[in-house]
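The next block holds one structure in the form of structure tokens; read it before the comments.
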Amino acid sequence: MNERYRKSVDLFVRAARVIPEGIYGHKNPGFLLPGESPYYAARASGSRYWDVDGNEYLDFLCGYGPVILGHNHPQVEEAVRRQMDKGIAFNHPGEPMVELAERLVGLISVADWALFAKNGSDVTTWAIRVAREHTGRKKVVMVRGTYHGAHAWCSAYPAGVLPEERANVLKMDWNHPEQLERLVEEHRGEIAAVIMTPYHHPTYAAQVMPAEGYWDSIRRICDREGIVLILDDIRAGFRLDVHGSHEVFGIEPDLVCYAKSIGNGHPIAVAVGREEFREAAEAVFISGTFWFSSVEMVAALTTLRILEETDAIAEMARLGRRLKEGLEELGAAHGFRVTVSGPPALPYLTFDDDPDLYHMQAFCREAIARGVFFHPHHNWFICAAHTDADIDRALEVADAAFAAVREGE
Ligand SMILES: Cc1ncc(COP(=O)(O)O)c(C=O)c1O
């Protein structure tokens with residue numbers, strides 16, 4: 001174990017006695033670099049955070065995506081504090097919920113209504129139920145290797161899940177519309193929904209953009225077969241376009257799910273949809289004790305306003321392009337074939353010849369040890385608080401990390 005992470009590890013040992021797995025889910029150290037990365041964070045500001053050992057990091061994970069304007073953004077937090085001063089758990093929703101729905105209906109081309117929850121999984125699962133209610137059909141098609149949340153129908157893990165809960169989920173590969181054609185033939189009249197992300201962002205692998213004509217083919221098949229097209233824009237939503245990622249890729253979804261970045265870290269998820277799905281949306285019960293809080297609505301209203309009024313989205317793309325070009329050049333200079341995939345604001349580096357991920361893990365371990373947090377197995381995020389100086393620093397550290405990986409071979 002690296003002494004630099006001593007307090008993290010000590011906390012984890014305590015946690016393991018009182019919390020299943022110590023840290024469960026995607027924040028489990030096993031998904032990162034056990035013993036070679038922090039497990040616990042203490043505070044954050046702008047583009048940086050500090051772990052419990054006091055180590056500082058330039059943050060390229062941004063809480064796995066929610067932080068879009070920067071940690072602890074002054075305007076968002078001021079709006080949140082003002083709202084919290086009024087109380088937090090009411091018997092009724094507040095005016096900000098209506099305002100936020102109006103804002104989203106104005107912003108998003110396919111939104112005639114909007115509905116709010118807390119986590120992405122809440123809305124992907126609900127959207128599937130809406131599609132089933134609307135079509136009277138059972139089956140759902142998803143892309144292999146895509147994460148839509150932790151619920152039974154889509155969880156990547158089998159423990160505790162009944163085969164019956166997955167019996168109506170069919171799988172196809174990304175960028176293979178002919179596989180959807182085949183599934184439609186095999187299950188004609190039975191498929192309620194196709195659910196996909198705007199581009200493919202699997203874990204442990206490079207990201208893949210949609211091939212030319214892919215989305216047109218998917219839409220055409222859905223139209224022909226009466227299938228509801230659900231876009232899961234939870235990871236990329238609002239980072240590529242304040243009107244939603246479907247605008248970037250020319251997608252015409254029926255229902256869209258958002259979460260992560262819309263509240264700049266405050267817990268809020270959103271489903272929006274076209275008018276023709278309103279009746280089913282009204283029929284499918286959805287609720288949660290904490291889902292109506294005005295605090296998160298206000299965080300989202302403020303975040304969206306800032307994204308609309310500033311050039312934050314263009315800046316994230318510009319900085320992401322600098323990072324991508326810099327990393328690819330540095331990788332080549334050190335004799336590695338590396339690729340930075342995905343949209344510039346959500347980049348992910350992979351070594352082209354790295355089947356056991358040894359190089360990627362060593363590279364991230366070396367970067368993290370030098371104060372730049374790159375995740376080895378999950379795509380990265382640029383936020384609006386990143387600066388050119390941050391990219392310079394990240395590339396300086398990447399240079400040293402590539403050299404260390406070369407030396408360690
Ligand atoms: C594309 C996508 N869909 C759904 C989810 C689930 O969201 P949550 O973790 O908020 O339930 C995630 C979370 O990473 C995601 O990236």
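Each ligand, and each atom within it, is numbered from 1 in the order the structure gives. Since the model is a prediction, treat every value here as computed from it, not as a measurement. Atoms considered below: every heavy atom in the structure, side chains included; atoms not considered: hydrogens, waters and symmetry mates.
- The aromatic rings of Phe374 and Phe363 sit parallel to each other, their planes meeting at less than 30°, with 60° as the upper class boundary.
- Separating the CD atom in Glu133 from the CD1 atom in Ile128 is a distance of 14.0 Å, to the nearest 0.5 Å.
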Tell me, with the steps shown, if Glu77 and His71 meet side-chain hydrogen bond (donor to acceptor under 3.5 Å, both in side chains).
CA-CA 10 Å; Glu77 295 317 308; His71 289 282; over 6 Å; no

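- Within a 6.0 Å sphere centred on CD1 of Ile88, heavy atoms belonging to other residues, nucleotides or ligands number 12 at most.
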Table of N or O contacts for ligand 1, cutoff 3.5 Å:
residue	atom	partner	partner atom	Å
ligand 1	3 (N)	Tyr147	O	3.1
ligand 1	3 (N)	Asp232	OD1	3.2
ligand 1	3 (N)	Asp232	OD2	2.6
ligand 1	10 (O)	Gly120	N	2.7
ligand 1	11 (O)	Gly120	N	3.3
ligand 1	11 (O)	Ser121	N	2.8
ligand 1	11 (O)	Ser121	OG	2.6
ligand 1	14 (O)	Lys260	NZ	2.9
ligand 1	16 (O)	Arg235	NE	2.9
ligand 1	16 (O)	Arg235	NH2	3.2

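- Ring planes of His375 and Tyr64: perpendicular class, angle over 60° (limits at 30 and 60°).
- Side chain of Glu275 to main chain of Asp112: no donor-acceptor pair is present (N/O by atom type, distance under 3.5 Å, no hydrogens or angles).
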